[in-house]
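First the structure, in the form of structure tokens, and then the observations on it.
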There are 2 protein chains.
Amino acid sequence: MATLKEIADQAKVSIGTVDRVIHRRGRVATETSRRIQKIIRDLDYKPNILARSLSSSKSYLFGVLLPLPEQDGFYWELPLTGIKKAQEELEIYKVKINYFYYDKYSETSLKKAFLSAIQHSPQPDGLLIAPVLSQAMEKLIHQIPEKLPYIFLDSYIPNSKCSAYIGEDSFQSGLLSAKLMNMLVKGSGTVAVMDVLPFDYHIQDRIQGFQSYFAQNGKIILTMCQVDARKPQSFVEAAKKVIQDHQNLVGIFIPTACSFYIAEAMMSHGSNHKVFIIGYDLVKQNVACLQKGMIDFLISQRSEMQGYTSIYKLYKKVVLKESIESQVLMPLDIITQENLKYYQN
Amino acid sequence: MATLKEIADQAKVSIGTVDRVIHRRGRVATETSRRIQKIIRDLDYKPNILARSLSSSKSYLFGVLLPLPEQDGFYWELPLTGIKKAQEELEIYKVKINYFYYDKYSETSLKKAFLSAIQHSPQPDGLLIAPVLSQAMEKLIHQIPEKLPYIFLDSYIPNSKCSAYIGEDSFQSGLLSAKLMNMLVKGSGTVAVMDVLPFDYHIQDRIQGFQSYFAQNGKIILTMCQVDARKPQSFVEAAKKVIQDHQNLVGIFIPTACSFYIAEAMMSHGSNHKVFIIGYDLVKQNVACLQKGMIDFLISQRSEMQGYTSIYKLYKKVVLKESIESQVLMPLDIITQENLKYYQN
DNA sequence: ATCCAAAGCGTTATCGCACACGCACTCTGC
DNA sequence: GCAGAGTGCGTGTGCGATAACGCTTTGGAT
């Protein structure tokens with residue numbers, strides 16, 4: 001590992017000069033600069049991060065814009081846990097994080113949180129955004145200063161200038177769910193698909209993935225139901241209705257973390273034969289339902305790791321100034337009673 | 001974050017004295033020592049790792065004892081990848097790694113590698129061992145010096161003084177496979193279980209897990225076959241035989257990374273109806289079979305992450321001198337065509 | 001001829017920690 | 001009473017990088 005001093009010695013200049021070349025702080029003759037740059041390349045110099053952050057007085061600030069943690073059945077606690085873990089680890093590198101939460105059912109709330117985030121003083125050096133209210137977010141996104149990098153978590157806005165998207169491939173996760181459902185119900189019968197309102201691109205992609213699997217394969221009949229994530233009662237009613245309307249109901253697919261509402265409704269108003277349920281995300285209530293056999297499969301998108309990874313990517317881009325992949329797709333974990341415990345915490 | 005200097009100031013001593021207290025290097029009056037220790041606790045002092053490893057000239061050496069990477073269908077390349085990734089990240093902390101590979105079918109080879117590892121000069125500060133040849137390893141393990149911590153990877157030796165085991169819950173993974181198999185074959189027919197030789201506790205646990213599931217549930221008939229991991233031909237013969245002997249063969253369970261041998265044999269000498277195959281681990285050939293639909297499920301034990309985690313745990317114990325959990329069980333990932341790509345690399 | 005700004009470069013304090021060294025003082029044994 | 005060992009403590013240097021600061025040397029304006 002070459003050090004600044006070695007480079008300086010070899011180029012017969014002082015450390016200060018080498019440092020100025022590296023940081024493009026000017027005040028170095030073009031010729032000298034070129035000579036030093038060559039040596040840097042030749043020796044494959046990599047700055048020592050330890051020494052750098054020990055020495056540097058610079059600290060970094062990231063803004064995190066998330067829905068209220070308790071929304072979506074406390075789903076947002078999961079990425080938040082990952083974010084906080086990364087924050088702890090990066091504390092010694094002088095990375096700080098400000099949190100801004102919004103009500104995902106209120107455009108006003110989003111707007112307010114968004115503005116607080118970008119107008120915060122001191123200015124943040126990077127943003128992490130979960131653009132759940134995608135349409136509302138779309139209108140705001142251009143207000144982000146040119147030089148302020150931002151990363152999308154969980155879902156994203158097409159055609160934005162984000163530095164990266166960390167999340168799942170929603171369509172594919174729907175497809176995966178469909179395959180599992182097909183296995184569970186042994187290839188025939190009616191399967192209900194819960195279209196969870198309010199509208200969300202993310203959810204729609206999952207549903208489309210699910211549908212597209214059955215478009216090719218088979219004898220399964222799909223029926224769509226609408227439920228409202230804000231009204232637990234709507235899940236109960238939907239469950240009741242779909243059982244009444246379809247005697248040969250064999251499965252239900254719920255493409256959000258609200259799966260447990262349906263599972264619980266099925267317990268109390270359930271049909272007399274087994275109806276398989278596939279849901280999403282390892283929120284507490286879903287986990288409980290899975291353990292009791294009320295849910296058969298949960299698809300998990302490594303929510304914690306999404307948060308953790310996002311912060312690390314920001315760190316990599318902003319602090320280390322390295323380039324990052326424009327997209328990181330998390331594995332789609334298939335969770336059952338048998339492997340659940342290894343995914344918790 | 002308190003620093004040495006702050007503690008020194010508050011205790012009205014010099015940094016050197018505080019340092020001697022922290023490192024128990026003596027030459028400090030009991031009274032002074034107590035006073036300083038109290039302040040350390042009060043201020044919740046945590047040494048700055050950056051400064052520490054920048055300053056310290058001490059370097060650390062870990063020994064890694066693994067089967068030859070190409071064995072078990074190149075399985076051992078997977079944890080090795082994770083180990084090397086951790087190695088890169090820890091290089092700045094002056095962590096070095098020596099590798100010792102052994103032929104998992106030769107006790108002599110293991111012995112030789114083992115001795116090279118523990119007698120290496122300079123002495124290693126920690127060992128990472130994959131004790132695949134468990135019985136042979138059991139005889140050697142007591143030769144590890146009292147003060148040399150070691151961690152088991154992949155499998156372990158019961159009643160040893162290892163600092164930790166990083167791997168999977170083998171029994172549970174068998175159970176999980178059985179559940180999936182049961183789903184695939186729709187609850188009836190004959191399922192073949194490949195007992196892969198030579199003997200290995202790990203594999204036996206998976207088989208027992210698999211069997212125990214069907215002991216309670218159902219109409220599935222299990223039949224055992226023996227194959228020899230060293231002889232690909234034995235897989236072909238076993239496949240042929242099991243098809244002949246069982247007209248209603250519906251599934252095959254192979255509890256090792258050699259799954260692809262069976263899958264390939266089934267392609268060429270296969271039955272005329274679908275036989276579902278569940279195998280283990282994301283080695284190249286298995287991945288290829290999964291993609292082609294020749295294998296239906298692969299169970300993956302996060303092999304890369306096992307390697308990565310192991311080295312980090314050693315680092316945590318040896319370098320940071322923190323305590324570590326005695327057991328880290330990796331998630332049992334269920335891999336299908338639909339989610340495969342998110343698990344690769 | 002004088003002055004001054006800017007260019008080009010070197011020097012140095014600092015970050016927090018580790019550790020060798022050295023000074024002053026106490027205790028022990030002969 | 002004095003050498004030598006041991007105790008209790010402070011000082012100083014180095015790890016590698018950062019960045020403020022200051023010192024020369026130019027060249028152009030006055």
Side-chain angles (χ1 to χ4, degrees), chain A residues 1-37 39-40 43-60 90-96 125 318-322, chain B residues 1-37 39-40 43-60 90-96 125 318-322:
Chain A
M1 267 302 175
T3 66
L4 268 199
K5 184 166 184 319
E6 284 164 28
I7 294 170
D9 286 352
Q10 192 164 335
K12 297 195 173 135
V13 293
S14 77
I15 289 184
T17 307
V18 179
D19 184 66
R20 255 169 274 130
V21 170
I22 289 175
H23 294 89
R24 296 158 212 250
R25 277 200 250 100
R27 306 189 132 218
V28 179
T30 323
E31 180 48 39
T32 314
S33 172
R34 248 197 282 278
R35 194 172 77 240
I36 292 174
Q37 281 183 32
I39 296 176
I40 289 178
L43 296 187
D44 188 32
Y45 168 78
K46 300 262 166 55
N48 184 320
I49 317 170
L50 304 188
R52 167 171 293 176
S53 60
L54 185 63
S55 146
S56 174
S57 57
K58 214 183 287 168
S59 78
Y60 299 87
L90 293 175
E91 196 187 337
I92 47 169
Y93 294 112
K94 305 201 179 79
V95 170
K96 283 168 196 168
D125 304 289
V318 173
V319 181
L320 303 185
K321 296 186 173 57
E322 296 176 18
Chain B
M1 268 303 174
T3 66
L4 272 197
K5 186 167 183 319
E6 283 164 30
I7 293 170
D9 285 353
Q10 192 164 338
K12 297 197 173 130
V13 293
S14 76
I15 289 186
T17 307
V18 178
D19 182 68
R20 255 168 274 133
V21 169
I22 288 175
H23 294 89
R24 294 159 215 253
R25 278 201 244 99
R27 307 189 69 160
V28 179
T30 323
E31 179 47 38
T32 314
S33 172
R34 249 197 281 278
R35 193 171 77 238
I36 292 175
Q37 281 182 30
I39 296 176
I40 289 178
L43 296 187
D44 188 28
Y45 169 77
K46 299 260 168 55
N48 184 321
I49 317 169
L50 305 187
R52 166 172 293 177
S53 58
L54 186 62
S55 150
S56 174
S57 55
K58 212 184 288 168
S59 78
Y60 298 87
L90 293 176
E91 195 188 337
I92 47 169
Y93 294 111
K94 303 202 179 77
V95 170
K96 283 169 194 165
D125 304 290
V318 174
V319 181
L320 302 185
K321 295 185 175 55
E322 296 177 17

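Each chain gets a letter, A, B and so on, in the order the sequences are listed, and its residues count up from 1. Because the structure is predicted, anything quoted here is derived from the model rather than measured.
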Remember a base hit wins even if backbone is also touched, and classify L50(B) as base, sugar-phosphate or nothing at under 4.0 Å, heavy atoms.
-> nothing

Nearest-nucleotide 5' precedence on DNA chain D, K12(B) against S56(B) | K12(B)

Please round to 10 degrees the angle between the axis of the first five pairs and the axis of the last five pairs in the helix from dA1(C)-dT30(D) to dC30(C)-dG1(D).
-> 60°

With sequence neighbours excluded, what pairs up with Y45(A) under the ring-ring contact (aromatic ring centres under 6.0 Å, His included) test?
-> none

Tell me, please, the opening and closing nucleotides of DNA chain D, 5' to 3', among those with an atom under 4.0 angstrom from a non-hydrogen atom of chain B.
-> dT7(D) to dG16(D)

Using a heavy-atom cut-off of 4.0 Å to chain A, what are the terminal contacting nucleotides of DNA chain C, in 5' to 3' order?
-> dG8(C) to dG16(C)

With rounding to the nearest 0.5 Å, note down the distance linking CD1 in I15(B) to CD in E6(B).
-> 10.0 Å

Is the closest side-chain heavy-atom distance between S33(B) and T30(B) below 4.5 Å?
-> no

Sugar-phosphate only, base, or nothing, as touched by L4(B) at under 4.0 Å among non-hydrogen atoms = sugar-phosphate

Partners passing salt bridge (Lys or Arg N to Asp or Glu O under 4.0 Å) against D19(A) (at least two apart in sequence or in another chain) = R25(A)

Quick one: salt bridge (Lys or Arg N to Asp or Glu O under 4.0 Å) partners of K46(A), sequence neighbours excluded?
-> D44(A)

Would you please name every residue forming a side-chain contact (heavy atoms from CB on, under 4.5 Å) with L50(A), sequence neighbours left out?
-> N48(A), Y93(A), L50(B), S53(B), I92(B), Y93(B)

Tell me, please, which residues at least two apart from A11(B) pass side-chain contact (heavy atoms from CB on, under 4.5 Å).
-> V13(B), R35(B), I36(B), I39(B)

Applied to residues 8-18 of chain A, the salt bridge (charged side-chain N to carboxylate O under 4.0 Å, His left out) test, sequence neighbours excluded, yields K5(A)-D9(A)

Which distance, rounded to the nearest 0.5 Å, do you find between the OG1 of T17(A) and the CG of L4(A)?
-> 10.5 Å

For residues 17-35 of chain A, which residues have at least one heavy atom under 4.0 Å from DNA chain C?
-> T17(A), R20(A), R27(A), V28(A), A29(A), T32(A)

Separation between CD1 (I22(A)) and CD1 (I7(A)), nearest 0.5 Å, reads 5.5 Å

Tell me, please, which residues at least two apart from E91(A) pass side-chain contact (heavy atoms from CB on, under 4.5 Å).
-> M1(B)

Residue set satisfying ring-ring contact (aromatic ring centres under 6.0 Å, His included) with Y60(A), at least two apart, ordered chain then number -> none

Identify the heavy atoms of R52(B) and H23(B) that sit nearest to each other, and give their distance.
-> NH2-NE2, 4.1 Å

